[in-house]
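Some notes on the structure that comes next.
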Amino acid sequence: MHMVKFKKKLKLSVWQFLSLGFLAAIILGSLLLMLPFATKSGKTTSYINALFTATSAICVTGLAPYDTATHWTLFGQLVILLLIQTGGLGFMTFVSAALIVFKREMGIYSRNVLMHDANSGKLNGLKSLVKRIILGTAIFEAAGALILMIRFIPDFGAGNGVYYSVWHSVSAFCNAGFDLMGSEGNEFVSLAAYAKDPLVTLTLTVLILTGGLGFCVWSDCIDCKMNIKKFQLHTKVVLLVNALILLLGTLLFLLFERKNADMADFNFGEKLLVAIFNATTTRTAGFSTIDLASLSNSGYLLMVIFMFIGGNSGSTAGGIKVTTMAVIFMGMLAVFRGRKDINIGKKRIDSALLSQALAIFASCLILIMVSTLAICAIEPDETFRSVLFECVSALSTTGLSISLTPQLGIASKLILILLMFTGRVGILTLALALGSKKTAAEIRRPVDTLYIG
């Protein structure tokens with residue numbers, strides 16, 4: 001009898017299970033990266049830097065205290081790649097895939113966890129969704145790797161060319177932003193050498209966008225046989241908003257960075273290529289083809305805004321998500337028009353979604369402000385511009401950096417670790433995990449008013 005009560009007390013909520021799952025993967029990854037043979041120097045990496053790297057990988061961020069190519073051995077790089085793949089798909093997808101392989105049925109609890117991890121709206125059909133996620137990921141990453149081999153094999157040789165192609169295809173699809181392009185004395189260069197190369201940049205752009213759409217969007221497109229009229233409202237909104245942001249971002253980047261020193265010798269076509277790539281990578285992918293320190297003030301702010309928005313719910317991307325911004329924007333229009341209902345096309349959405357969207361927006365904004373303030377106080381020699389960029393990049397799990405991370409102290413790195421973890425798990429999931437306790441029925445208080453606006 002006592003044992004039954006003890007088990008009931010230990011039962012985790014869905015939100016707690018997801019949060020602890022990611023935390024367990026981070027701890028395991030950090031311990032593996034501390035092993036002496038994980039580094040090329042043969043020395044043990046300090047735990048704070050191993051923890052930072054593991055968190056960045058599992059949270060598919062890309063911020064790093066060390067250049068991945070020059071610091072880590074093949075073993076260390078493969079640990080990082082495995083963490084990226086696990087974090088990109090969600091660890092629960094791997095658990096579910098293992099159950100399918102060993103022909104074990106998923107219980108209601110496992111289905112519920114997977115449903116929230118993949119942002120699916122229903123418990124039925126999850127087995128099929130898992131198969132689609134695994135198969136779709138394998139197809140896209142393999143196709144991306146094969147195309148990248150056309151360029152990387154001539155550049156790096158057969159063995160390294162294949163390895164680099166697979167690595168960057170996985171990193172791009174998972175929106176991670178880790179790269180292997182650095183060399184001794186030339187670290188943290190990302191993809192600058194391929195800024196003018198359409199094969200590499202456009203392949204990575206497609207992988208980033210595909211991974212950032214979300215698994216449920218793919219599934220809906222397959223179920224509807226690409227018939228737009230039959231798409232769910234969620235799919236239509238995601239595709240439309242992503243297209244608008246990509247187009248707007250490309251045009252604005254071209255306008256703002258037309259005099260960028262890094263592109264002084266670029267022709268219009270090459271500048272357009274850089275603009276398309278940077279409008280995409282700011283959606284939490286983390287690669288860069290120009291020196292971010294050279295950005296104009298307007299280009300810098302554009303990147304900060306796009307990083308904050310991020311990709312789509314249930315995808316490999318981070319940020320507050322495009323659907324969150326769409327709900328806030330449509331709710332704002334409804335208020336300005338004096339309407340109670342929030343309508344998108346011919347459908348009406350629940351007003352509770354607006355409350356959740358505003359809560360996510362406000363809490364992320366507060367986290368960024370508090371974190372930026374704290375790091376500015378801890379690191380007084382660093383500029384506000386670089387600290388804000390790093391904090392937004394961490395919370396949105398983007399990974400773009402103005403070369404600040406390697407210079408930070410332990411306290412500042414811990415702040416960024418918490419931001420990356422919160423960004424990947426989801427601020428709503430984390431809040432529910434910390435406070436999801438069964439309480440008595442909610443007591444409704446008398447209504448009063450406040451004057452706003």
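Computed over heavy atoms, backbone and side chain alike; hydrogens, waters and symmetry mates excluded. Sequential numbering from 1 along the given sequence is applied to the chain's residues.
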For [Y], is there any backbone N or O sitting under 3.5 Å from a side-chain donor or acceptor partner on [X]?
{"X": "Asp67", "Y": "Phe188", "value": "yes"}
{"X": "Glu257", "Y": "Ser296", "value": "yes"}
{"X": "Ser412", "Y": "Gly409", "value": "no"}
{"X": "Asn242", "Y": "Val238", "value": "yes"}
{"X": "Ser30", "Y": "Ile27", "value": "yes"}
{"X": "Thr73", "Y": "Lys40", "value": "no"}

When the ring centroid of [X] is compared with that of [Y], is the distance short of 6.0 Å?
{"X": "Phe287", "Y": "Tyr194", "result": "no"}
{"X": "Phe421", "Y": "Phe22", "result": "no"}
{"X": "Phe308", "Y": "Phe361", "result": "yes"}
{"X": "Trp218", "Y": "Phe140", "result": "yes"}

Any side-chain donor-acceptor pair under 3.5 Å between [X] and [Y]?
{"X": "Tyr66", "Y": "Glu187", "value": "no"}
{"X": "Thr53", "Y": "Ser56", "value": "no"}
{"X": "His71", "Y": "Thr45", "value": "yes"}
{"X": "Asn49", "Y": "Ser46", "value": "yes"}
{"X": "Glu390", "Y": "Thr405", "value": "yes"}
{"X": "Gln407", "Y": "Glu379", "value": "no"}

### Query
Can we say Lys271 and Asp265 salt-bridge, meaning some charged N sits less than 4.0 Å from an Asp/Glu carboxylate O?
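Looking at Asp265 together with Lys271, the answer is no, because their closest N to O distance does not fall below 4.0 Å.
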### Message
Salt bridge check, Asp223 against Arg132: does any charged N sit closer than 4.0 Å to a carboxylate O?
### Response
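Answer for the salt bridge query: yes.
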### Message
Quick check for you: to the nearest 0.5 Å, what is the distance between Asp291 atom CG and Ser403 atom OG?
### Response
6.5 Å
### Atom pair OG1/CZ of Thr61 and Arg424 - distance to nearest 0.5 Å
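Answer for the OG1-CZ pair, Thr61 versus Arg424, is 9.0 Å.
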### Query
Where is the tightest heavy-atom contact between Leu273 and Asp197, given as atom of each residue plus distance?
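Of all heavy-atom pairs spanning Leu273 and Asp197, the closest is CD2-C, 3.8 Å.
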### Minimal non-hydrogen separation, Ile417 against Ile48, with atom names
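Taking Ile417 first and Ile48 second, the nearest heavy atoms are CD1-CD1, 4.0 Å.
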### Message
By the definition ring pair (Phe, Tyr, Trp, His ring centres under 6.0 Å), identify the one residue from Phe384, Phe253, Phe389, Phe306 that meets it with Tyr300.
### Response
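Testing each of Phe384, Phe253, Phe389, Phe306 against Tyr300, the sole residue satisfying ring pair (Phe, Tyr, Trp, His ring centres under 6.0 Å) is Phe389.
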Report, one line per pair, each donor and acceptor closer than 3.5 Å where one atom sits in a side chain of residues 174-186; sequence neighbours left out.
{"unit_1": "Asn175", "atom_1": "OD1", "unit_2": "Thr284", "atom_2": "OG1", "d": "3.4"}
{"unit_1": "Asn175", "atom_1": "ND2", "unit_2": "Ala172", "atom_2": "O", "d": "3.2"}
{"unit_1": "Asn175", "atom_1": "ND2", "unit_2": "Phe173", "atom_2": "O", "d": "3.4"}
{"unit_1": "Asn175", "atom_1": "ND2", "unit_2": "Ile208", "atom_2": "O", "d": "3.2"}
{"unit_1": "Asn175", "atom_1": "ND2", "unit_2": "Thr316", "atom_2": "OG1", "d": "3.4"}
{"unit_1": "Asp179", "atom_1": "OD1", "unit_2": "Met181", "atom_2": "N", "d": "3.0"}

